[in-house]
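Remarks on the structure that follows.
Everything numeric in this text was worked out from a predicted model, so none of it was measured. Any value given below was found using the heavy atoms of this structure, including those in side chains, with hydrogens, waters and symmetry copies removed.
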Number of protein chains: 2
Amino acid sequence: MRISTKAQYAVRAMVDLSVHSNGRPVPLKEISQREEIPLNYLEQLFFRLKKAEVVASVRGPGGGYILARPSALIKVGEIVAMVEEPLNPVSCLDDGGAACHRISRCVTHNVWQGLGERIRGFLDAISLEELTREAQAGLDVLSPPGGTTR
Amino acid sequence: MRISTKAQYAVRAMVDLSVHSNGRPVPLKEISQREEIPLNYLEQLFFRLKKAEVVASVRGPGGGYILARPSALIKVGEIVAMVEEPLNPVSCLDDGGAACHRISRCVTHNVWQGLGERIRGFLDAISLEELTREAQAGLDVLSPPGGTTR
DNA sequence: TTAATAGTTGACAATTTTAGTAAGGTATGT
DNA sequence: ACATACCTTACTAAAATTGTCAACTATTAA
Ligand code: FES
Ligand code: FES
């Protein structure tokens, strides 16, 4: 019952992007360094996030990625779902149950179905904005407002 | 975000055991056939379930496994936890956070921690008794009370 | 227009995890 | 003694995950 590092990376990277972008594009190189995530790996993830229209890209020098919408409208569940193929806990439920020939005689799939709904519900209730605020509050301890912010 | 087949098998096998045992030991061979689970694989699972004192064994001819407690006191979460090592969604949280050197600067682990708690909470709220009743209700459609039960 | 930046895309290799097999052993009832 | 059925460890094959490489396209600034 582990979430893939892909998904962990994606969420961390999105928080990083949201914190360090102030309307300006952030290049992956920066995120890669700050978050200790391989650059080429990040590229793959953001490729998918772009297709999902969670971020948008700006090419050329001075380019990078920006959020495609206000962070309040981006849910963690969305980020995870875009990057991790199946958010179903079991393969039996794929394609609406067509994948399993025992599903009619099996009571346990109700359990996994309910679990899946809970997981999605939980992750969809958290927005990127909340995490961004939390992260900024954490950073403020190190460099409080009025302090030497570079 | 998939649960292992190990855990799925374990839960299904426990339901099967609970349904077909009426105080009598049920041999794994039977469960293996009814549930289409490799016998040797089941043995491994029940070995662990026994160590967790969820089931008890009776050796020799006519032997098998029985529930170690009333099914109302056996929670699905317990079965899953015994068979699937980490119920943490991320490795960062293993050993109470000692596994990750970024945990102090990272806001996302709160998300995964919360997710883990939800998952455990959900699975711990479902008892084997409930699943057993459901399964028996399902079987009754095929062979109703008073009907030819074998 | 040329060079540098940065995103785009597909293929692929290494590693780790999972699922399943095999084999031999031990206890127990008939 | 023999058959049954649990007990335990070790191993292997397959799949998923994770990460790397390489070549390409678009854009901007000098
Ligand atoms: S085995 Fe597929 S639904 Fe239970
Ligand atoms: S990276 Fe380990 S806690 Fe976030």
Side-chain angles (χ1 to χ4, degrees), chain A residues 1-10 12-13 17 21 24-33 35-66 68 80 83-92 94, chain B residues 1-10 12-13 17 20-21 24-33 35-68 80 83-91 94 99:
Chain A
M1 207 48 181
R2 281 272 164 97
I3 225 168
S4 62
T5 65
K6 249 194 179 111
Q8 297 174 50
Y9 283 168
R12 265 170 58 204
L17 169 57
S21 160
R24 310 217 165 279
V26 179
L28 289 188
K29 206 175 174 185
E30 281 186 24
I31 300 180
S32 165
Q33 288 168 352
E35 299 290 332
E36 300 176 275
I37 301 171
L39 175 59
N40 295 353
Y41 206 29
L42 265 186
E43 290 177 342
Q44 289 180 33
L45 303 186
F46 273 77
F47 174 52
R48 308 184 91 175
L49 292 173
K50 188 194 172 181
K51 278 204 297 190
E53 301 190 323
V54 172
V55 297
S57 65
V58 179
R59 303 182 80 146
Y65 283 94
I66 54 175
V80 174
V83 133
E84 185 153 335
E85 312 284 4
L87 218 38
N88 270 339
V90 298
S91 60
C92 292
D94 290 349
Chain B
M1 206 48 180
R2 282 272 164 98
I3 225 170
S4 62
T5 65
K6 248 196 180 110
Q8 298 175 50
Y9 282 169
R12 265 170 58 203
L17 169 56
H20 290 93
S21 161
R24 308 215 165 281
V26 179
L28 289 187
K29 205 176 176 186
E30 280 185 27
I31 300 181
S32 165
Q33 288 168 351
E35 300 289 332
E36 300 176 275
I37 301 172
L39 175 60
N40 293 358
Y41 206 29
L42 264 186
E43 289 178 342
Q44 289 180 34
L45 303 185
F46 273 77
F47 174 52
R48 307 182 91 177
L49 292 172
K50 188 194 173 180
K51 279 204 296 191
E53 301 189 324
V54 172
V55 297
S57 65
V58 179
R59 303 182 80 147
Y65 283 94
I66 54 174
L67 299 182
V80 173
V83 132
E84 185 153 334
E85 312 282 5
L87 218 36
N88 272 339
V90 298
S91 60
D94 290 349

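- Looking at every heavy atom in both residues, A/Pro25 comes nearest to A/Gly63 through CB-C, 3.6 Å.
- With rounding to the nearest 0.5 Å, the separation of CD in B/Gln44 from OH in B/Tyr41 is 7.0 Å.
- B/Glu43 has its side chain within reach of B/Leu39: a pair of non-hydrogen atoms, C-beta onward, lies under 4.5 Å apart.
- Rounded to a whole Å, the CD atom of A/Glu30 is 14 Å from the P atom of C/dT5.
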(message) Can you build the contact string for nucleotides 6-12 of chain D? Use B for base contact, S for sugar-phosphate-only contact, and - for no protein heavy atom under 4.0 Å.
(response) BBB-B--

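- With rounding to whole Å, A/Ile37 atom CD1 is found 16 Å from D/dT20 atom C1'.
- Contact between B/Ser21 and B/Val26 at its shortest, heavy atoms only, is CB-CG2, 3.5 Å.
- Within the 4.5 Å cutoff, no side-chain heavy atoms of B/Met1 are placed close to those of A/Arg2.
- Atoms OG1 and CZ, from B/Thr5 and B/Arg12 in turn, are 9.5 Å apart once rounded to the nearest 0.5 Å.
- Residues A/Phe46 and A/Leu17 have side chains in contact (heavy-atom distance under 4.5 Å, counting atoms from C-beta outward).
- Here the side chain of B/Ser32 pairs no donor or acceptor atom with the backbone of B/Pro38 at under 3.5 angstrom.
- At whole-Å resolution of the value, CD in A/Gln33 and C1' in C/dA6 are 14 Å apart.
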Nucleotide N/O to protein N/O under 3.5 Å, stretch nucleotides 16-19 of chain C:
{"residue": "C/dA19", "atom": "OP1", "partner": "B/Thr5", "partner atom": "N", "Å": "2.8"}
{"residue": "C/dA19", "atom": "OP1", "partner": "B/Thr5", "partner atom": "OG1", "Å": "3.0"}
{"residue": "C/dA19", "atom": "O5'", "partner": "B/Thr5", "partner atom": "OG1", "Å": "3.3"}

